[in-house]
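Input: a single structure, listed below in structure tokens.
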Number of protein chains: 2
Amino acid sequence: MTTPTQAELEILNILWGMGELRVQEVHKQLNEVRPIGYTTTLKMMQVMAQKGLLARQLDGRSHIYSPVIQESTTKNKLLSRFVDSTFGGSRSQLLMQLLGNAKVSDEELKEIKDFLAQIEE
Amino acid sequence: MTTPTQAELEILNILWGMGELRVQEVHKQLNEVRPIGYTTTLKMMQVMAQKGLLARQLDGRSHIYSPVIQESTTKNKLLSRFVDSTFGGSRSQLLMQLLGNAKVSDEELKEIKDFLAQIEE
DNA sequence: CCTTTACTACGATGGTTGTCGTAGTAAAGT
DNA sequence: ACTTTACTACGACAACCATCGTAGTAAAGG
């Protein structure tokens with residue numbers, strides 16, 4: 001399975017949030033973050049469709065694109081790869097790097113603890 | 001500051017573990033993992049030295065290379081970037097992905113909780 | 001002194017990624 | 001019918017990354 005590149009992930013993140021969109025709308029959202037040409041967005045999405053990352057269906061004269069791969073599956077894969085390459089595969093080492101940073105808000109900390117408690121059951 | 005690429009990180013990981021080494025030795029260690037040409041390793045390390053990622057000093061007719069950038073600083077930066085691009089900057093979201101989907105051993109879980117408790121102070 | 005060996009320097013290449021420009025086509029407005 | 005607009009298809013391109021080949025230079029061994 002192909003994993004998305006950086007720019008592809010940006011598009012996927014939009015689509016995961018919105019379900020399905022036309023290029024135009026994805027493009028608009030991308031441009032709220034950074035300048036990018038319309039044909040760039042288009043090309044990316046076409047390539048992604050060809051790769052099997054996106055599906056598209058004709059609607060009038062334009063296409064509507066929707067994500068094929070699942071968010072959590074994909075992010076899991078990316079995370080796994082990142083842990084491998086950066087932390088030698090050690091999840092806890094990543095964790096300590098993540099939390100040892102001291103920039104974790106109390107709120108985040110609480111979220112995490114709640115989550116841990118929930119897992120425990 | 002330039003951040004290391006994938007292949008550069010492999011070399012850095014070796015050097016962080018060993019302190020300082022000649023190309024030959026780094027090359028040998030890399031080859032224990034995957035096949036790679038000597039000049040490839042050499043070129044990488046030369047480029048890294050030029051980028052300021054490595055320092056080198058002459059020893060006889062060869063160079064001894066050592067890392068300039070710090071391990072935790074670097075990994076922090078990489079982690080930060082990864083969180084931004086993949087999880088929209090949310091550390092807790094990364095955490096839940098990390099703990100929720102993959103299998104976490106009880107041991108790891110304990111490590112994490114201990115660490116959290118320690119942070120809390 | 002000559003040959004082999006050990007490093008190094010330099011340049012070239014192929015693949016991937018992200019970026020557009022141009023041009024074609026179909027629809028919609030006038 | 002004609003012009004403008006909205007998408008799409010196609011190809012080109014620069015940047016970067018990883019990879020290596022070739023050739024130079026200096027030391028070491030005979």
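For Arg56(B), the listed nucleotide lying nearest its side chain is dA9(C); candidates were dA9(C), dT17(C), dC20(D). Side-chain proximity of Arg61(B) to dA27(D), dA18(D), dC7(D): nearest is dA27(D).
We find that CG of Asp59(B) is positioned 17 Å from P of dA26(D), with the value rounded to whole Å. When the P atom of dA27(D) is taken as reference, atom CG of Leu58(B) falls 10 Å away, rounded to whole Å. Atom-to-atom, CE of Met45(A) to P of dA9(D) comes out at 12 Å; the value is rounded to the nearest Å. Distance, Gln46(A) CD to dT17(C) C1': 16 Å, rounded to whole Å. Ile64(B) places its CD1 atom 17 Å from the P atom of dA6(C), with the value rounded to the nearest Å. Spacing between atom CE of Met48(B) and atom P of dC16(D) amounts to 17 Å, rounded to whole angstrom units. One interatomic measurement links the two molecules: NE2 of His27(A) to P of dC7(D), which rounds to 11 Å at whole-angstrom precision. Between the CE atom of Met44(B) and the C1' atom of dA9(C) there is a distance of 16 Å, given to the nearest Å.
Between Gln6(A) and dG18(C), a side-chain N or O to OP1/OP2 separation shorter than 4.0 Å is absent. Contact annotation: Tyr38(A) side-chain N/O to dT8(D) OP1/OP2 distance is under 4.0 Å. Taking side-chain N and O atoms only, Arg22(A) has no distance below 4.0 Å to OP1 or OP2 of dT8(D). In this structure, His63(B) reaches the dT8(C) phosphate: one of its side-chain N or O atoms is under 4.0 Å from OP1 or OP2. Taking 4.0 angstrom as the limit, Arg34(B) places a side-chain polar atom (N or O) nearer than this to OP1 or OP2 of dT19(D).
Using a 4.0 Å heavy-atom cutoff across all strands shown, Thr40(B) reaches at least one base atom of the nucleic acid. The residue Leu42(B) sits close to a base: some heavy atom pair falls under 4.0 Å. Among the atoms of the strands shown, base atoms are found under 4.0 Å from some heavy atom of Thr39(A). Residue Glu8(B) is classed as having no contact, given no heavy-atom separation below 4.0 Å to the nucleic acid.
In this structure, the separation between OG on Ser62(B) and CD on Gln57(B) is 10.0 Å, given to the nearest 0.5 Å.
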Open item on the list: Under the criterion side-chain hydrogen bond (donor to acceptor under 3.5 Å, both in side chains), I'd like the reasoning laid out for His27(B) against Asn31(B): C-alpha separation, chi angles, the key distance, then a yes or no.
Closed with: CA-CA 6 Å; His27(B) 177 58; Asn31(B) 259 290; 3.0 Å; yes

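Under the 3.5 Å distance criterion, the side-chain polar atoms of Glu8(A) are matched with a main-chain donor or acceptor of Thr5(A).
Val47(B) and Leu15(B) fall into different hydrophobic clusters, defined by Ile, Leu, Val, Met, Phe, Trp and Tyr side-chain heavy atoms under 4.5 Å apart, directly or through other members.
Remark: Arg56(A) does not engage Glu20(A) in a salt bridge, criterion side-chain N to carboxylate O under 4.0 Å. Comment: Glu71(B) engages Lys75(B) in a salt bridge, judged by a side-chain N to carboxylate O separation of less than 4.0 angstrom.
For the pair Tyr65(B) and Thr3(A), nearest-nucleotide mapping onto DNA chain C gives the more 5' position to Tyr65(B).
Between the side chain of Lys43(B) and the base of dG21(D), no donor-acceptor pair of N or O atoms lies under 3.5 Å.
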